[in-house]
Amino acid sequence: MAAYNHRLVEDKWTEYWEKHPINVNDGKRPKYYCLDMFPYPSGNGLHVGHWRGYVISDVWSRYMLMKGHYVIHPMGWDAFGLPAENYAIKMKVQPAVSTADNIRNIKKQIQKIASIYDWDMELNTTDPKFFKWTQWIFEKLYENGLAYEKEMPINWCPSCKTGLANEEVVDGKCERCGAEVTKKNLKQWMLRITKYADRLLDDLDTLDWPEKVKKMQTEWIGRSYGAEVDFKVDGKTDVITVYTTRPDTLFGATFMVLAPEHRLSLSLATPDRLAEVEKYIADAANKSNVDRLQGKEKTGVFTGSYAINPMNGEKIPIWLSDYVLADYGTGAIMCVPAHDDRDFAFAKKFGLPIVQVISKDGKADEEMEEAYTEAAGIMVNSGEWNGMESAELKVEAPHIVEKKGFGKAKKNFKIRDWVFSRQRYWGEPIPIIHCPKCGNVLVPEEELPLTLPEVDRYEPTGTGESPLAAIESWVNCKCPKCGGDARRETNTMPQWAGSSWYFLRYVDVNNDKELVNREVADKYLPVDMYIGGVEHAVLHLLYSRFWTKFLCDIGVIDFNEPFKKLFNQGMITGKNGIKMSKSKGNVVSPDDLVNDYGCDSLRLYELFVGPPELDSEWDERGIDGVYRFLCKLWNLVQDNKDKAVKETPELLRVRHQLIDTITDRLESFSLNTVISGFMEFNNRLIKMKDGVDKGTLETFAVLIAPFAPHIAEEIWSELGHKESVFKEEWPVADKEAMKEDTKEIAVQINGKVRATIQISVSAGKDEVLDMARESVKEKLTGNVVKEIYVPGKIVSFVMK
RNA sequence: GCAGGUAUGGUGGAAUAGGCAGACACGAGAGACUUAAAAUCUCUUGGAUUUUUAUCCGUGCCGGUUCAAGUCCGGCUACCUGCACCA
């Protein structure tokens, strides 16, 4: 008997599948779109962690295939952007060259996974045929008033030398390189994602996504309801509008704080306070984001001016402090120290009055130790509102304020518009022409794609200008409107542009007339299952949802959510949970493992290593276990294939239990226990004294096919089949055939197991209790006060 | 600070819906085969006491509900992730 030779078997079936594709669109099967988050083609190649997500999505795709679907399972390359460009700079080559090289290498590595990718659909975001449509979408956004130019202080990474979106700043640092982000005043292209904030939030409810991701997006969008309230400045005509979510606490507003950047902050300073105020404003401007966030101790300065509390007419001092954000709400707040922790800390530090307006029992406390921040209690010290329920008042107050004429109900969002310009070379050029006469003019659609010029120097300049600005021959052009001299926009799009819509393109990848044909889109989109890491929870996944909604609004597609179901696989880490990286020297390459153990073994081990949604440490030795399992399975088939073993009720029972177990665990995405299930049943079958029948072996081959496709095909063909095992339908367990005649149950006395008994499944309660009593009769010495029988589970005696 | 997650043998991890904790695998130990080793096969493998038999303890910690708790409830601790002055 020949031992299992994975190289021979795997080579054979790789070749077979090339000639006989198993996933073909016959136009009859319903579609199922299972998508991987496409990789950026890094120069480092794949490690075993990258394999995991791809294996999971391929298992799921093959399962869907066997369940009768035509599976759309494409792969492509997210090749624009900083990582690709930084790599090119390091290697001192053109990004176009290094990117093409990297794609070639990574594609080879990915093909070793043996996924059923349809390479006819392959796409690449840096391909002009692709990014023509990325630019086209920008033009549509512009035409619809959703892309606009604005000069403002934006997040600037001094190391990457480019502006960043809010979403790309993590803990005040650049998401890419970790450098501390500063502010820089730049004229930027912005996308009005805030206009979609409500829909982006509300539609989360319709998605089958991990709660964690929905929650992260919810918090990122950060909707709150409250009111804008006008405060007159005492002795002046100025009015300061504040945003508050707690207008019910208006009577407790004892001072007011403006962001140092507020337009009135300097003019409010009285002559005696001017020098100090000027200094405070200047200092705040010089503080970096990180400094401003880390300063736990509140700082501030009194302007010398007062505002009038519109509810009670009292004069309250106006302060400046950098704990108030200039770009949220109105950049000014009313402060209710009794009911807000931050205001409380500020009031304590600067000796400002604290007036309680909500109390638990309707009586104000003598002195407050800390702010009472809950919105439940009885109003006190609040004039006409005294005695009201604060929770109810909180809802009413915006409308009361509105009626009284000094405010209005208002909702606010934390999300900011998307900073869309990058001062880098390796991205899609923004298709805008700046004409001195006509202003901003779009590059005419027929001139798209607007390609990048070939350049000698593409390093970032750091001046806030893209390297493209130095290419005079490219920058200088004619205005499409008036024909006069004009200049091209020299900023490029961020890395996220291409990935915000690529999933729409796979199904119509060669269309040069449209982004995607509407009929094709209606038939094959949207994505049914999207698999990738959780790191894109707010970035890519939010941007994609935004663009999908927009494209739906303008009629390109007919659905407004791109990904129905989302699965985030956990990371594979090195020892002690340390992220695999070249610099840590703990990267495990799949290539050697495939060579030594085979693709099937590595696929199984990627799943067996732990629950797919959790991070798992890679333990090199564990792969021996799955390899042994495959060898044992192989031997089982070799031992039995020519024996013509009779199909017994016992074998039939095992077979259907196997179908049931595997299907159940697969459906619930418990892929690690699917593998252990295979091992368990394999061990059971090996122990069958009279051998295993052909039908059971066939079932085993069919069930394991999505996981270990090569050996499954080989076994299937050894059992005498001419066609691929993937032509088989996924089997359904026969619940009747699965049933056991007898069952072992435990007998407990006072909660401790004292015996186990074999009962007939059909046995009645009295019969079982008799058997149970008999089995523990020596121990059942006391007074039995209670007898419990949970059918098919357990017998429990309570003895006194 | 706020929100979410996790905690089970030497290790990775199992355990529908409260019903025999430790499946499956790694590692370790013993044995068979072998001149020998590797591979393979068989057995053992949570801890303690015990000759056998058996008993007790055991799922981060403290308490509760229940005939019965890894699982439910209340209160903690540690680690991980996300957000972090958003008024």
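Computed from a predicted model, the values in this text were never measured in an experiment.
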Looking only at atom types and distance, does a side-chain atom of A/R416 sit under 3.5 Å from a main-chain N or O of A/K414, one as donor and one as acceptor?
yes
Using a 3.5 Å distance criterion without hydrogens, assess whether the side chain of A/K298 forms a donor-acceptor pair with backbone atoms of A/F346.
no
Using a 4.0 Å heavy-atom cut-off to protein, can you give one letter per nucleotide of nucleotides 67-80 of chain B, 5' to 3': B if the base is in contact, S if only the sugar-phosphate is, - if neither?
BS------------
For the side chain of A/P611, counting heavy atoms from C-beta on, which of B/G12, B/A87, B/A14 is nearest?
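Minimum distance to the A/P611 side chain belongs to B/A14.
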Choose from B/C24, B/A87, B/C20 the nucleotide whose nearest atom is closest to any side-chain atom of A/E680.
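Of the options given, the side chain of A/E680 lies nearest B/C24.
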In Watson-Crick or G-U wobble terms, both distances under 3.5 Å, what is the partner of B/A21?
none
Any strand counts, and the cut-off is 3.5 Å on both contacts for Watson-Crick or G-U wobble. Which nucleotide pairs with B/U81?
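Checking every strand shown, B/U81 finds its partner in B/A3, with both distances under 3.5 Å.
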Sidechain N-carboxylate O distance under 4.0 Å for A/R176, A/E168
no
d(NZ, A/K793; C1', B/G18) in whole Å:
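Distance check: A/K793 NZ to B/G18 C1' gives 9 Å.
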Proximity to RNA chain B (any heavy atom under 4.0 Å), residues of residues 213-225 of chain A only:
A/K215, A/M216, A/S224
Check every strand shown and say whether A/E617 touches a base, only sugar-phosphate, or nothing at a heavy-atom separation below 4.0 Å.
nothing
Set out, in order, the CA-CA distance, both residues' side-chain angles and the distance that settles ring pair (Phe, Tyr, Trp, His ring centres under 6.0 Å) for A/Y605 and A/Y597, then state yes or no.
CA-CA 10 Å; A/Y605 189 58; A/Y597 295 93; 9.0 Å; no
